[in-house]
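Here the structure comes first, spelled out in structure tokens, and everything after it is commentary.
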Number of protein chains: 2
Amino acid sequence: MNDFMARRSELDLDLYVIETFQFETDIDPEEAAIHLCQEQSTAQWKRVDVDEDFRIRYGAKLLNLKTVGEKSYVAEIAQPHINFGTKIPNLLTTVCGEGVFYSPAISTIKLLDLEFPESYLKEFQGPQFGVQGVRDLLNIHNRPIFLGVVKPNIGLDPKGFAELAYQSWLGGLDAPKDDEMLADTAYSPLAERTKLLGALRKKAEQETGEKKMFIANITDEVDRIQELHDIAVQNGVNAVMLNAWTTGLSAARVLRKKAKVPMVSHFDFVAAFSRIPNFGMSERLAIKLQRLAGFDMIIFAGLSPRMKTTEAEMLSHVRACLEPWGNIKPALPVPGGSDWAGTLPSLFEKIGHADFGMVPGRGVFNHPAGPSAGAKSFRQAWEAIQQGITLNEFAKTHVELKQAIEAFGN
Amino acid sequence: MNDFMARRSELDLDLYVIETFQFETDIDPEEAAIHLCQEQSTAQWKRVDVDEDFRIRYGAKLLNLKTVGEKSYVAEIAQPHINFGTKIPNLLTTVCGEGVFYSPAISTIKLLDLEFPESYLKEFQGPQFGVQGVRDLLNIHNRPIFLGVVKPNIGLDPKGFAELAYQSWLGGLDAPKDDEMLADTAYSPLAERTKLLGALRKKAEQETGEKKMFIANITDEVDRIQELHDIAVQNGVNAVMLNAWTTGLSAARVLRKKAKVPMVSHFDFVAAFSRIPNFGMSERLAIKLQRLAGFDMIIFAGLSPRMKTTEAEMLSHVRACLEPWGNIKPALPVPGGSDWAGTLPSLFEKIGHADFGMVPGRGVFNHPAGPSAGAKSFRQAWEAIQQGITLNEFAKTHVELKQAIEAFGN
């Protein structure tokens, strides 16, 4: 057998990360897959004039190859993690770097999944709070979590912005948040914004008798993230968001070490490398890696037509957040994009349980009667579901839901 | 005119980053482009019941739209940088985030370029050394810089590894380097490796009378990069490499602030979002952003068949490193992948000047007579070019070049 091939039974699987690639080639697929193993490990596996073979310990090894379409194949490859260690940048470089995308005779390739041994996972903290921790903080144990993106998303001064969040809390939102485009900006410094939000959050808790959360976007250059986290927390804000892939997953993992509040990730940039069906890295894996890096809530593309995501993909991404994974706690899945109260019943039905979040924007903040009414329309939609009544029926006695249906339900 | 449109003459261009997108749509392209402006700025541009309009100051504005193919269009959009500031993660979130990839009725989209006002560029340091600084350090002013990837790239202990680099210096290589997959690993700790390399580098300088460089790969979690930089420099290593996009460009920008030696970037992961012709971000822009973040030498996909890069693309990427760009110094372009001495003449001819680097691996380290001979073959190839002699002719009197042609020249 070729020295870049092995059977699972021959390997100490504790020493390997298993990669699953889908690729296309015009040549013999086994030959192409062996090239792929060489390029992402040690194509030159010995020194000139020295009797040695680095393939044995350091070579990537083809475990399995199957045909899935015309000239299209799925390969499982065992990659020795001694090559990169338990470090996110070095892992990504190996499994999704030059060796993968510039392997001879492979025309298109996508990294579909990674499988880690438990001993490897143990070196990662994963989510600090996880689904249960977020539920405990909010004291919500039997329904989806209602996040929300304060809109207008950009341009508003801190005072006007905080007032909108406050109104949404009063109406029943659990966790309004900064838009992914609003972080620490000149027109709305994070320190000023979070100070107002921290105070209003406590006021809203007193007035509603409910626990409330605000999610502050601390996306910034990596040497400022911890400082912004500390400012937000000191000001009474109790969750932070990072745009995971534009900041870097490693920065998220570093923040996780000292984070005092739940970490939320936003999916910007993920589409750039995941949305082409046969190229790049799968969105599912991008989500798993965010969970590995330590995010407690993961926002990803949801089901509205704008988000171009199938039901099967969305459900797979929900599972990627929640499925058992060694010592890594579940993260709350938050499929997002153009939601309003009327999209809750079908989303809940499709997911089949309440361990998820929603993150409406205009569905709350452009409600014709304002953000408090917008938030109410979500809580009413949930109440209707609990009572087994259609939204249209429930709307007859609940004006905010009725207004939402009229505004967004065409 | 629509409020998400403007003419260049109407805007204070100092306040905007200009984006160039290519996209496909089935609907009216102007309508699609306006959606695109909304989604990446402020789709909901006012509060309910408040008389205000955030589009004026914060809205992205369509400047220009042209048809470039069937259902294919190029749009220029002015994006107010007050929305994100001079911060790389926030910039990327805006220009290549959710708003871009999930804009209604746009089926595929690629960010081709960004144009920055000089006042914006001034907030970035860019390369510390640049082409001239690297040339001064190496005392090489009239020829390409010969980098090289020590091979076997992974698995070798620090002593054997350093010996290969030393041999390559003696043969005439300027700057051997760690492979992108070899950073601070259990089997080859960076501290141990750089200690040996630092000492041998000085020895090689004494023996050859030439200035020599080693490029240590300090890719790691972002809270360890500065420490690894300091260890490498203290050990006498005089350049460092980061895998820019798996670590995050922001981490590179932060390193730049305290870096004492040239910074080199490797292109792993860039293919994942740039290689599909009509989707993601252009490789050219990815290179420009690496220059902006502060890299002095930028390695990118070169011309060998494995690298799937056209001559026009390669030349455009060389220019992206070198072209005048406000206060941002030129970075040394290093087109890489499967080079050997025989690929130098055509590369030099195509580029048309000597301001570039080459980064052979096996072409030096798998030379049949070893790395010193491999390095010699490169210097001989350059000598042949200088004398206007073909490599085959020159090889008659230069055995290392002859061996290289026999080994790699089929």
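Below, all heavy atoms of this structure are taken into account, side chains as well, without hydrogens, waters or symmetry copies. Owing to the predicted nature of the structure, the values given are computational and were not obtained by experimental measurement. Proteins come first, then strands; the chains are lettered A, B, ... in the order of their sequence lines, and each starts at number 1.
Residue A:His266 touches chain B through its side chain alone, counting heavy-atom pairs closer than 4.5 Å. Neither the backbone nor the side chain of B:Leu182 comes within less than 4.5 Å of any heavy atom in chain A. Contact of A:Leu164 with chain B is made through the side chain alone, with heavy-atom distances under 4.5 Å. Both the backbone and the side chain of A:Arg306 come within less than 4.5 Å of a heavy atom in chain B. With a 4.5 angstrom heavy-atom cutoff, B:Met181 touches chain A via backbone and side-chain atoms both. Both the backbone and the side chain of B:Ser41 come within contact range of chain A, with heavy atoms under 4.5 Å apart. Residue A:Asn217: no heavy atom, backbone or side chain, is found under 4.5 Å from chain B. Of the atoms belonging to B:Arg224, it is side-chain heavy atoms, and not backbone ones, that fall under 4.5 Å from chain A. Residue contact with chain A, scored on non-hydrogen atoms closer than 4.5 Å, involves the backbone of B:Ser107 exclusively.
Ring geometry for B:Phe269 versus A:Trp245: interplanar angle under 30°, hence parallel rather than tilted (30 to 60°). Ring pair B:Phe101/B:Phe279 is tilted by interplanar angle, where 30° to 60° counts as tilted. The aromatic rings of B:Tyr120 and B:Phe84 sit perpendicular, their planes meeting at an angle over 60°, well past the 30° parallel limit.
For A:Arg47 and B:Phe365, the positive end is not near the middle of the six-membered ring at less than 6.0 Å and at most 45° from its axis. Figure legend: cation-pi geometry between A:Arg275 and B:Tyr102, with NZ or CZ positioned under 6.0 Å from the six-membered ring centre and within 45° of its axis.
Per-residue counts of heavy-atom pairs under 4.5 Å with chain B were compared for A:Gly361, A:Gly59, A:Ala271; the largest is that of A:Ala271.
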